[in-house]
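Atom set for the values below is all heavy atoms of this structure, side chains included, hydrogens, waters and symmetry mates excluded. Keep in mind that this is a model prediction, so the values were computed, not measured.
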Amino acid sequence: GFIDEVRGDSIGGWTDDGPRNDIRNLVPVDCYFGSIGFKIIDPDQNGGKSCIVLSGPGKEYFPDNVNIKMSGEKLTHLYLLHATSTVPPYPVTVGQISVTYKNGDTNLVSIKSYQDVNNWWYPEDLPNAAVGWKGINFYSDIGLYVSKHKINPEPIKSIEIKTTQSGVWMIAAISGSMKDFPLPFQKTRITGKENLITSVSDPILEDNQVTWTGKTGAGKKIKFALCQDMENSFR
């Protein structure tokens, strides 16, 4: 599920990091990102499960792969609503999608960080991934990426998703279509001197959280927060 009440109990709940670092404000619903449709599964209606989380550093007890049985559907594109955690600060292959067709052929799709997906904290558009959903938890702005992957239009027998264990790979939803839908990337990006932070306010402590505001050269306000984490460390 997307909600995790107990940190590190090996049951899951997005990254199994407890209630302060889960994704509970992702509401189960049928939704669209541009023309791409996704179904966010309600764990209460699905045996407590709503997403796929594959193993990586620190979370080796998560599964390494998952196999989805298909019924001969023909698709030209797969669309993923997903994110990672604990990936290295350089591009790596996070995982692979192996599409097996009824005629015995296979299609292998590699999913790469900094191209198709990245960390769910502070998400930003990538060459093949647009930020499709944004939220917030105790520590950070959070989000999920939508990426697009071309496959062969043959009747599909199964789709296997497997991790390289370079990072924890989390998939909230998968969609497929015979159509090549464009990814609606953000229209505005943080570039240029007008977006540099030129001043900051004094910090204030409220509700056990230290917050302050920065102002850019164009006058835009940006809020920052320092949150207590674990025992004596802060983020």
Derivation of the side chain to side chain contact (heavy atoms under 4.5 Å, CB included) call for F62 and D16: CA-CA 10 Å; F62 286 168; D16 196 22; 3.8 Å; yes
Steps toward side chain to side chain contact (heavy atoms under 4.5 Å, CB included) verdict (L183, I36): CA-CA 8 Å; L183 297 178; I36 306 164; 3.8 Å; yes
Derivation and outcome, side chain to side chain contact (heavy atoms under 4.5 Å, CB included), residues M70 and I159: CA-CA 7 Å; M70 302 290 283; I159 298 175; 4.1 Å; yes
Residue pair N128, K148: steps toward the side chain to side chain contact (heavy atoms under 4.5 Å, CB included) verdict: CA-CA 7 Å; N128 185 45; K148 176 173 65 175; 4.3 Å; yes
Criterion salt bridge (charged side-chain N to carboxylate O under 4.0 Å, His left out) on K59 and D17, from CA distance to verdict: CA-CA 10 Å; K59 302 290 164 56; D17 284 336; 3.0 Å; yes
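Ring geometry, Y79 versus F181: the interplanar angle falls from 30° to 60°, so the pair is classed tilted. Aromatic ring orientation, F2 versus W14: tilted (interplanar angle from 30° to 60°).
Both F33 and F185 are part of a single hydrophobic cluster, where members link through side-chain heavy atoms under 4.5 Å apart. Residues W169 and V66 share a hydrophobic cluster, clusters being chains of Ile/Leu/Val/Met/Phe/Trp/Tyr side chains in contact below 4.5 Å. Criterion: ILVMFWY side-chain heavy atoms under 4.5 Å apart, direct or through other members. Under it, V29 and Y32 are not part of a common hydrophobic cluster. Hydrophobic cluster membership differs between V6 and F138, with clusters built from Ile, Leu, Val, Met, Phe, Trp and Tyr side chains linked at under 4.5 angstrom. In terms of hydrophobic clustering, with Ile, Leu, Val, Met, Phe, Trp and Tyr side chains grouped at heavy-atom distances under 4.5 Å, V109 and L126 are assigned to a common cluster.
Between the side chain of T211 and the main chain of F224, no donor-acceptor pair closer than 3.5 Å is present. Side-chain atoms of Q45 do not come within 3.5 Å of backbone N or O of P43 as any donor-acceptor pair. A donor-acceptor pair under 3.5 Å links the side-chain atoms of T163 to the main chain of Q165, judged by distance alone. Counting only distance, with no hydrogens or angles, the side chain of S177 and the backbone of H77 share no donor-acceptor pair below 3.5 Å. Between the side chain of D125 and the backbone N or O of V131, at least one donor-acceptor pair lies under 3.5 Å. The closest donor-acceptor contact from the side chain of S85 to the backbone of N119 lies at 3.5 Å or more, if one exists at all. Under the 3.5 Å distance criterion, the side-chain polar atoms of H82 are matched with a main-chain donor or acceptor of D116. Put simply, the side chain of D9 gets close to the backbone of I11: a donor and an acceptor are under 3.5 Å apart. A donor-acceptor pair under 3.5 Å is formed between the side chain of S113 and the backbone N or O of V92. Here the side chain of K223 pairs no donor or acceptor atom with the backbone of W212 at under 3.5 angstrom.
Applying the 6.0 Å contact sphere to NZ of K157 captures no more than 12 heavy atoms from other residues, nucleotides or ligands. Within a 6.0 Å sphere centred on NZ of K112, heavy atoms belonging to other residues, nucleotides or ligands number 12 at most.
Nearest approach of T86 to P57, heavy atoms of both residues: OG1-O, 3.8 Å. Shown here for N67 and S158, the closest heavy-atom pair between the two residues is OD1-CB, 3.6 Å. Heavy atoms only, all atoms of each residue included: W120 and A83 are closest at CB-CB, 3.5 Å. The two residues A173 and F38 make their nearest non-hydrogen contact at CB-CD2, 3.7 Å. Heavy-atom minimum distance, S110 versus T93: CB-CG2, 4.2 Å. Considering every non-hydrogen atom in both S166 and P88, the closest pair reads O-CD, 3.4 Å.
With 3.5 Å as the limit, one finds no donor-acceptor pair spanning the side chains of E60 and S55. N107 and Y101 are linked by a side-chain donor-acceptor pair at a separation below 3.5 angstrom, with hydrogens and angles left out of the test. Counted by atom type alone, N21 and W121 present one or more donor-acceptor pairs between their side chains at under 3.5 Å.
Looking only at side-chain heavy atoms (C-beta outward), I23 and N137 stay at 4.5 Å or farther from each other. Taking 4.5 Å as the limit, every side-chain heavy atom of K134 sits out of range of all side-chain heavy atoms of I142. Taking the side chain as every heavy atom from C-beta outward, L26 and I40 approach each other to under 4.5 Å. Looking at heavy atoms from C-beta onward, E160 lies out of side-chain contact with I97 at the 4.5 angstrom threshold. The shortest distance between side-chain heavy atoms of V168 and T84 does not fall below 4.5 Å. Put simply, the side chain of M178 reaches to within 4.5 Å of the side chain of P153, judged on heavy atoms. Residues S147 and H149 meet the side-chain proximity criterion, which asks for heavy atoms closer than 4.5 Å. Looking at heavy atoms from C-beta onward, L81 lies out of side-chain contact with I174 at the 4.5 angstrom threshold.
In this structure, CG on L78 lies 6.5 Å from CD1 on I156, to the nearest 0.5 angstrom. Taken from NZ in K102 to CD in E73, the straight-line distance is 8.5 Å, to the nearest 0.5 Å.
For E5, the salt bridge (Lys or Arg N to Asp or Glu O under 4.0 Å) partners are R24, not counting sequence neighbours.
Using a 4.0 Å cut-off between charged nitrogen and carboxylate oxygen, D22 and R7 do not count as a salt-bridge pair.
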